[in-house]
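Quick note: numbers below take in every heavy atom, side chains included, and nothing from hydrogens, waters or symmetry partners. Here is how names work: the chains are called A, B, and so on, in the same order as the sequence lines, proteins then strands, and each is numbered from 1.
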Amino acid sequence: MFDSPEKLVLGLVTGILFGFLLQKGQVAKFEVIVGQFLFRDWTVVKIMGTAVVVGSVGVHALVMADMASLHIRPAQLAGVLFGAVCFGIGMAVLGYCPGTSVAACGEGRRDAMIGVLGMFAGAALYVALYEQIAPLTQSLGDWGKVTLPEVTGTSPWLWVALLVVGGAVAMFLDSTRRGTSIVSAGARQRANAHR
Amino acid sequence: MRSSMIIPILVVLVSPAISAAQEAGADPLQYSGPAWSPYLVGALIGVLTMLTLYFSNKPLGASTAYARVAGLIGKGVAPRHTQALKYYQDNKPVIDWEVMLVFGAIGGAFLAAWHGGELTGEWLPAMWEARFGEGSYALRIGVALAGGILMAFGARLAGGCTSGHGISGALQLSVGSWIALICFFVGGIATAMLMFRL
């Protein structure tokens with residue numbers, strides 16, 4: 001029924017930090033999530049991009065120091081392609097993703113609470129159909145637990161360096177365009193919406 | 001020795017992120033009202049995924065918890081049927097790290113919203129009302145339910161969500177996660193354009 005107390009506490013602390021950051025990053029809001037898909041507000045890409053750049057440096061440093069191991073999910077093409085497109089459609093319609101919808105619940109948003117109920121139903125639907133679906137997703141286009149460096153036969157640090165340079169260029173362009181950029185337009189729009 | 005090395009790595013990672021965030025805005029914690037700079041938040045989430053991998057030996061992800069909680073509800077309502085399901089034989093429905101993560105996230109977001117004076121009881125987002133009319137509660141409830149169902153089903157099929165694939169998987173340079181990340185945006189952009197641009 002329960003995991004070990006140590007794991008439960010670790011999960012809880014991680015969750016509190018994660019939820020706090022998501023709320024402070026403004027991604028527990030319908031306008032910000034849907035605004036990203038409409039290219040009106042770039043908050044989601046900025047947060048995810050920075051997290052990927054910083055995290056990739058840190059995680060690969062940990063792995064190199066033999067302090068952690070990678071946890072790669074298998075690239076099962078049929079399931080990933082179909083599931084991820086379904087996910088994107090659902091995310092645009094709901095206006096929150098699985099992490100940000102619980103953060104939006106913490107903020108008190110009622111539509112997110114309805115969305116969470118829907119997610120329990122969606123997860124239960126998958127569980128009910130698992131016996132039929134799993135053999136398909138596990139056999140159609142399973143590339144296994146592969147990473148970009150493994151597939152290309154390159155060093156992970158090449159990819160990490162690409163991410164860092166790409167992120168730095170994107171941040172530089174954003175800071176030079178600040179004032180007239182879509183970013184501040186998005187912030188203004190939100191400020192207007194709150195009024 | 002292992003744990004003593006994590007501190008220098010953290011310092012090296014966090015300091016440029018904070019200084020970059022400070023350059024982007026005058027103060028990383030002052031960004032249009034109660035919001036923090038997205039760069040600062042992103043950098044801290046990046047550090048959090050790293051700490052999670054180190055301390056919990058897990059990738060940071062939110063969507064598995066929904067199947068676990070659905071199983072816990074199922075155990076209460078129809079224990080025999082739930083236990084017979086193959087998914088729950090492979091993934092036991094217990095209160096575990098992932099479930100606590102989701103509970104913690106509710107609490108953390110509540111604290112952050114309370115701290116920034118952003119607690120609300122809103123049913124309809126302003127952008128929704130502008131498009132679908134004031135008082136369109138029934139439509140919003142139906143659409144939110146359908147969106148939640150589709151999203152959680154898709155997340156289980158794809159093996160992760162915006163955090164599990166989009167952040168944790170992408171930063172580990174997983175091929176499947178980058179494909180999933182692209183498809184999340186393809187589905188999301190097409191749907192949002194249909195809903196708000198037509």
Side-chain angles (χ1 to χ4, degrees), chain A residues 3 7 10-12 15-16 19-20 23-26 30-31 37 43 46-47 50-52 54-56 58 68 71-73 75 79 83-90 92-94 97-99 102-103 106-108 110-111 114-115 118-120 122-124 126-127 130-131 146-148 187 193, chain B residues 32 35-36 38 41-43 45-46 49-50 53 56 59 62-63 66-67 70 86-87 96-97 100-101 104-106 108-110 112-113 120 123 125-127 144-145 147-154 156-159 161-163 167 170-171 173-176 180 183-184 187-189 191-192:
Chain A
D3 234 341
K7 275 191 182 168
L10 269 176
L12 186 70
I16 291 173
F20 192 91
Q23 201 285 329
K24 284 296 181 196
Q26 301 291 294
F30 181 91
E31 278 84 1
F37 288 142
T43 310
K46 286 181 191 174
I47 290 182
T50 319
V52 168
V54 171
S56 70
H71 293 253
I72 306 292
R73 289 158 191 201
V85 171
C86 269
F87 181 94
I89 296 169
V93 160
L94 174 60
C97 65
V102 283
E107 210 176 294
R110 302 294 191 260
D111 56 341
I114 301 291
M119 287 173 64
F120 289 140
Y126 176 83
V127 167
Y130 177 74
E131 219 165 335
V146 285
T147 63
L148 294 168
Chain B
S32 66
W36 287 4
V41 169
I45 290 177
T49 55
M50 178 191 160
L53 209 60
S56 307
S63 65
Y66 291 90
K86 184 155 189 316
Y87 182 88
D96 60 359
W97 189 90
M100 293 308 285
L101 177 92
I106 298 177
F110 172 81
T120 174
W123 272 96
M127 190 177 161
L145 262 180
I149 292 172
L150 207 55
M151 187 166 71
F153 186 82
R156 286 285 42 80
L157 203 54
C161 63
T162 358
S163 44
I167 296 177
L171 67 83
L173 304 170
S174 153
V175 173
C183 293
F184 292 160
I189 290 165
T191 310

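Ranking A/V85, A/D111, A/L148 against chain B, the residue ahead of the rest is A/D111, based on heavy-atom pairs under 4.5 Å. Listed options B/A180, B/S163, B/P125, B/G176 were ranked by heavy-atom pairs under 4.5 angstrom with chain A; first place goes to B/P125. Annotation: maximal heavy-atom pairing with chain A below 4.5 Å, among B/A170, B/A70, B/G159, B/G108, occurs at B/G108. The most heavy-atom pairs under 4.5 Å with chain A, out of B/L53, B/I106, B/I167, B/L173, come from B/L173. The choice from A/A123, A/S56, A/P98 that makes the most heavy-atom pairs within less than 4.5 Å of chain B is A/P98. Comparing A/G25, A/A75, A/G108 by how many heavy-atom pairs each has under 4.5 Å with chain B, the most go to A/G108. Across B/A105, B/S63, B/S174, B/A67, the residue that shares the most heavy-atom pairs under 4.5 angstrom with chain A is B/A105. When each of B/I45, B/L101, B/T49 is scored by its heavy-atom pairs under 4.5 Å with chain A, the top score falls to B/L101.
Rounding to the nearest 0.5 Å gives a distance of 8.5 Å between NZ of A/K7 and CG of B/D96. Summarising the geometry, atom CZ belonging to B/R156 is positioned 13.5 Å from atom SG belonging to A/C86; distances are rounded to the nearest 0.5 Å. Taking CD1 of A/I89 as the reference point, atom OG1 of B/T191 lies at 4.5 Å (rounded to 0.5 Å).
Of all heavy-atom pairs between A/F37 and B/A192, the closest is CB-CB, 3.5 Å.
Residue contact with chain A, scored on non-hydrogen atoms closer than 4.5 Å, involves the backbone and the side chain of B/T162 alike.
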### Task
Starting from the C-alpha separation in whole Å, work towards a yes-or-no answer on side chain to side chain contact (heavy atoms under 4.5 Å, CB included) for B/C183 and A/F87.
CA-CA 8 Å; B/C183 293; A/F87 181 94; over 6 Å; no
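Between B/Y87 and A/Y130, the ring-plane angle classifies as perpendicular under the 30° and 60° cut-offs. Between A/F120 and B/Y66, the angle of the ring planes lies from 30° to 60°, which puts this pair in the tilted group.
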